[in-house]
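The structure appears right after this line, and notes come after that.
Every chain is numbered from 1, with letters handed out A, B, ... down the list of sequences. The structure presented is a predicted model; accordingly, all values stated were derived computationally and were not measured.
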Amino acid sequence: MSYYIIKRLLGIIPLLLGITIISFVIIHLAPGKPTQLEMSMNPKVSYEARLRLEKLYGLDQPLYLQYTNWLKRFARLDFGPSLTDNRPVLDKILERIPVTLTINISSMLLIFLVAIPLGIRSALNPEGAFDKITTFFVFLFFAAPTFWLALLLMNLFCITLGWLPVSGLTSLDFEYFGPVRKAVDLAWHLTLPVFVSSIGSLAGISRYMRSSMIEALKQPFIYTARAKGLPRNTVIYKHALRNAILPIATILGLSIPALLGGSVIFESIFAIPGIGRLFYEAVMTRDFNLIMAEVVLGAILTMLGNLIADISYAYIDPRIRYRNEK
Amino acid sequence: MVVFFVFSGAVYARDYGDAIVSASIADARTLMPILASDSASSQVSGMIFNGLVKYNKDIHLVGDLAESWEVKENGLVIIFHLKKGVRWQDGHPFTGRDVEFTYRKMIDPQVRTPYSGDFERVKSLELLDDYTIKLTYKEPFVPALSSWGMSIIPEHLLKDKDINDSEFSRHPVGTGPYKLKSWSTQDKIELVSNHDYFEKRPYLDRYIYRVIPDEATIFLELQTRNIDSAGLTPLQYSRQTDGVFFKKNFRKFLLPSFTYVYMGYNLSDPKFKDLRVRQALNYAVDKEEIIKIVLLGYGTVSNGPFVPQLWAHNPKVKPCEYDPELAKELLRQAGWTDSNRDGWLDKEKRKFEFTIITNQGNQERIKTAQIIQRRLKDIGIKVNIKVVEWSVFIAEFIDKRNFEAIIMGWSLPLDPDNFDIWHSSKTRPGEFNFVGFQNKELDSLLEEGRREFNQEKRKSIYWRINQILYAEQPYMFLYVPDSLSILSSRFEGVKPEPIGIGYNFIDWWVPKDKQKYRAVQ
């Protein structure tokens with residue numbers, strides 16, 4: 001097992017190198033430079049001043065040199081300064097992580113807590129009334145565009161009813177609140193964003209759960225268990241569920257990169273300073289250092305997520321065990 | 001007289017306290033003013049820092065950190081007399097040494113400032129005493145005066161520091177009416193009033209700048225009264241904010257903006273070389289119609305490169321009337337007729353067809369292009385529209401001069417010097433005369449306009465420039481949009497003037513009984 005893990009971890013290195021080379025080239029193929037965005041078409045910025053800036057940022061060097069410079073820094077885990085405000089790229093990413101993690105973990109919990117029971121309940125009586133109604137609603141939410149749903153809910157809960165705040169993470173006088181009131185304030189601000197970010201994903205998980213549960217319930221050992229006279233709940237939640245939950249564990253592993261991902265549209269609407277907006281703006285401003293850091297972060301998390309999913313498989317299912325070759 | 005006196009006395013009993021919350025779609029990038037190139041950074045750092053000069057409510061240059069100035073030797077020498085007793089927000093006194101330090105940093109090749117151009121014209125800077133600065137220029141340069149509106153940064157805090165480094169830019173210390181309290185990236189910036197500000201203590205205690213990237217959300221926040229001021233679109237201004245709620249809680253402002261929108265031609269394209277063609281296109285497009293449809297009427301027809309509230313704007317230059325018949329006649333004279341009767345004009349067997357390019361994300365410009373497309377179809381010219389992302393637009397089309405026509409806007413500095421945009425020497429890739437306009441008379445007027453310190457003479461130069469540019473039509477000058485905004489009605493002391501409403505921000509106040517946010521300090 002440990003041999004397998006080490007092999008997989010070593011495999012990440014060449015893969016990562018390949019990913020960075022391809023990304024670096026593609027990013028630089030896109031027209032435009034970081035010095036261009038705000039300064040072009042600004043008559044106060046002279047031509048010479050712009051050339052000077054390009055030189056200071058090293059943008060006048062050939063691409064392979066720019067890449068090797070980047071790689072040298074990356075080897076020391078230094079992602080360099082952001083080209084828009086000169087702050088270290090790592091700081092910029094780290095300061096967004098708490099917010100993004102909080103929202104993503106809460107919404108993932110919400111998704112699993114709601115979707116798994118929904119899927120199980122649907123599977124017990126496929127095509128029954130409960131199944132049909134949930135199918136209709138989860139797909140309705142799945143199909144509804146986030147921004148539209150968010151605006152409708154904001155209008156209802158924030159303007160018409162006045163129960164929730166429209167946007168932002170905290171109230172303006174947050175710093176003067178006591179610890180309890182701070183927590184309440186934060187939860188109050190997160191209610192709508194977490195709800196909106198979860199509701200669209202209910203469809204996927206609940207459908208997976210439903211179909212894998214239906215599959216499990218058809219297995220011969222379930223008939224045996226029933227024939228043996230075991231209580232219904234034991235059959236469903238012990239024998240069937242343990243088998244049916246396997247694919248969900250895979251999905252959980254694959255969701256790890258998504259924990260640090262964000263959605264631009266959703267974060268923009270709720271004015272949440274999350275990672276999605278940071279990445280989007282980096283691309284729009286051609287902030288090469290920041291884009292590369294994001295690419296690397298995404299690549300590593302995806303590869304680790306895959307690895308964790310594979311390993312957790314082995315633990316949940318005794319049938320799948322990685323053989324120690326040698 | 002006595003009654004008036006008593007009345008105005010009453011008005012001056014103003015209360016301190018409260019906060020103003022404004023919203024914007026973008027966060028500031030840096031509060032180091034000499035590096036700031038985006039509008040959000042300039043707006044916030046403008047509250048924290050001062051320049052030597054500033055524009056007053058009537059758009060005239062007045063002293064800010066400078067008490068007065070003298071222009072000598074035909075403009076080669078400018079002497080600034082600085083205000084005494086001004087202190088930095090950390091208590092350190094402000095002197096001419098800070099001005100000298102700022103200047104040295106502006107021309108330092110290692111400093112990543114985009115604004116070095118104006119300061120490289122200085123031949124020498126001499127500190128006559130702590131409060132007098134003598135500047136000698138290589139040649140007379142009138143816009144030099146307004147270039148000293150550049151924020152002055154403190155020498156004692158930055159002497160041995162790397163200016164490009166982010167430390168000061170996140171914790172700025174200026175001389176201005178507000179100081180930074182906290183900055184939570186992409187969320188909000190909070191400023192508090194500087195009680196020792198050299199003009200006076202501002203009445204509003206806090207200025208909170210919230211970043212809300214979505215315009216629909218900003219509008220919803222207005223409806224919950226969580227934000228006090230925001231810009232409005234023409235639709236929001238005219239239809240969505242006229243209900244009882246908005247009338248009761250908000251005040252709306254309509255002011256001319258400092259931007260004009262135009263369609264620029266590539267003048268090296270044979271179609272557009274002929275002046276008659278450019279004039280014909282100008283007659284064929286109804287600018288009033290564009291303003292009515294695109295801006296719902298909130299704008300004025302542009303007559304050249306100067307917006308109406310500037311002194312350089314020549315009111316005698318009248319925008320031409322919409323006259324498609326005259327347009328057809330001019331095109332016929334230029335050799336464009338429908339010889340094969342297919343409905344489109346042609347000349348030497350080539351159809352009159354061109355593409356207008358504009359940038360993505362600006363609906364007003366896209367709609368304008370569509371109206372132009374429709375009107376030119378009426379006279380037999382086929383127009384295609386291409387919309388591209390901003391960076392691509394600049395890098396692939398403008399800088400390479402790879403376009404036939406473009407729709408763009410200029411937001412220009414308040415000094416009318418348009419040298420960089422129209423002078424025939426400014427046509428290298430990346431420079432601003434990308435349409436390739438060349439005109440000897442205009443070249444010499446532009447040069448003269450930069451040298452002439454006499455205001456009356458300077459005015460007549462720019463009036464003539466205005467005239468030539470409208471007659472020559474290197475751009476089809478389209479419109480000057482109005483700047484539409486909304487502000488909570490609890491703020492008193494707000495008086496719209498030609499420059500806008502923000503000029504007397506430190507005089508805005510809220511009566512105690514209407515104050516919404518807790519007092520600080």
Side-chain angles (χ1 to χ4, degrees), chain A residues 30-33 35-53 56-57 81-82 84-88 91-92 95-96 147 150-151 154-155 158-159 162 165-170 172-173 175-176 264-265 267-274 277-278 281 284-286, chain B residues 19 21 23 27 29-30 35 37-39 109-110 112-118 120 147 164-166 169-170 182 184-188 190 208 210-214 216-218 220-221 223-224 226 389-392 394-396 398-399 408 410 412-413 418 420-421 426 428 430-432 517-518:
Chain A
K33 289 178 181 165
T35 46
Q36 219 153 33
L37 192 75
E38 297 290 347
M39 296 169 200
S40 47
M41 297 305 127
N42 180 345
K44 282 191 196 162
V45 181
S46 71
Y47 177 64
E48 288 76 14
R50 200 134 42 94
L51 289 185
R52 204 179 84 186
L53 282 171
L56 283 174
Y57 284 111
S82 159
T84 50
D85 59 7
N86 209 41
R87 294 175 64 209
D91 286 7
K92 289 184 81 162
E95 76 183 2
R96 304 294 180 96
F147 78 93
L151 287 175
M154 278 171 162
N155 204 17
C158 315
I159 310 276
V166 177
S167 68
L169 277 177
T170 55
L172 285 176
D173 287 329
E175 58 188 298
Y176 305 107
V264 186
I265 298 174
E267 286 173 10
S268 298
I269 284 186
F270 288 104
I272 290 169
R277 263 164 70 197
L278 182 72
E281 276 154 25
M284 297 314 279
T285 53
R286 307 286 193 268
Chain B
V21 186
D27 193 11
R29 290 194 186 161
T30 170
L35 303 183
S37 60
D38 56 302
S39 64
Q110 290 304 317
R112 292 175 187 167
T113 176
Y115 306 115
S116 52
D118 285 347
E120 269 154 10
S147 76
N164 302 323
D165 187 36
S166 46
S169 72
R170 301 288 296 187
S182 65
S184 138
T185 312
Q186 291 290 348
D187 180 21
K188 65 174 191 279
E190 189 173 342
I208 295 157
R210 281 194 60 190
V211 183
I212 304 178
D214 190 273
T217 309
I218 294 185
L220 288 172
E221 285 284 25
Q223 284 172 274
T224 58
N226 281 332
E389 189 237 8
W390 178 252
S391 301
V392 179
I394 303 296
E396 296 298 307
I398 304 272
D399 285 355
M408 290 253 274
W410 277 122
L412 294 174
N418 264 243
D420 287 331
I421 297 170
K426 292 290 178 186
R428 281 177 293 178
E431 291 192 304
F432 299 126
Y517 296 97
R518 65 163 67 213

Handout entry: Proximity breakdown for B:Ser184 and chain A, heavy-atom pairs closer than 4.5 Å
Key = neither

Handout entry: Heavy-atom contact with chain A under 4.5 Å, split by part of B:Asn164
Key = both

Problem - Contact leader toward chain B among A:Arg96, A:Glu95, A:Arg286, where contacts are heavy-atom pairs under 4.5 Å - result: A:Arg286

Problem - Between A:Glu281 and B:Gln186, a side-chain donor and acceptor under 3.5 Å - result: yes

Handout entry: Top contributor to chain B contacts, counting heavy-atom pairs under 4.5 Å, from A:Leu169, A:Val166, A:Thr84
Key = A:Val166

Problem - chain A contact via B:Glu120 - side chain, backbone, both or neither, heavy atoms under 4.5 Å - result: side chain

Problem - Between A:Gly274, A:Ser268, A:Ser82, A:Ala271, the one whose heavy-atom pairs under 4.5 Å with chain B are most numerous - result: A:Ser268

Problem - Short side-chain to backbone donor-acceptor contact, B:Asp187 and A:Pro273, under 3.5 Å - result: no

Problem - Member of B:Leu220, B:Ile212, B:Asn226 meeting the side chain to side chain contact (heavy atoms under 4.5 Å, CB included) criterion with A:Ser167 - result: B:Ile212

Exercise for the section: Tell me, out of B:Gln223, B:Arg428, B:Gln110, who's got the most heavy-atom pairs with chain A below 4.5 Å. Expected result: B:Arg428

Practice task
Please tell me if the side chains of A:Leu172 and B:Lys188 come closer than 4.5 Å, counting only heavy atoms from C-beta onward.
Solution key: yes

Completion exercise
CD of B:Glu221 to CE of A:Met154, rounded to nearest 0.5 Å, is 7.5 Å

Handout entry: Any residue meeting side chain to side chain contact (heavy atoms under 4.5 Å, CB included) with B:Glu396, in chain and number order, not counting sequence neighbours
Key = A:Pro31, B:Val392, B:Lys400

Problem - Heavy-atom pairs under 4.5 Å with chain B, option from A:Leu151, A:Asp173, A:Ile272, A:Leu278 with the top count - result: A:Asp173

Problem - Contact check, side chains of B:Val211 and A:Arg277, non-hydrogen atoms, under 4.5 Å - result: yes

Handout entry: Residue list, side chain to side chain contact (heavy atoms under 4.5 Å, CB included) with A:Ile265, at least two apart or on another chain
Key = A:Phe147, A:Ser263, A:Ile269

Completion exercise
Interface check, chain B: of A:Thr170, A:Asp85, A:Asn86, A:Asn155, most non-hydrogen pairs under 4.5 Å belong to A:Asn86

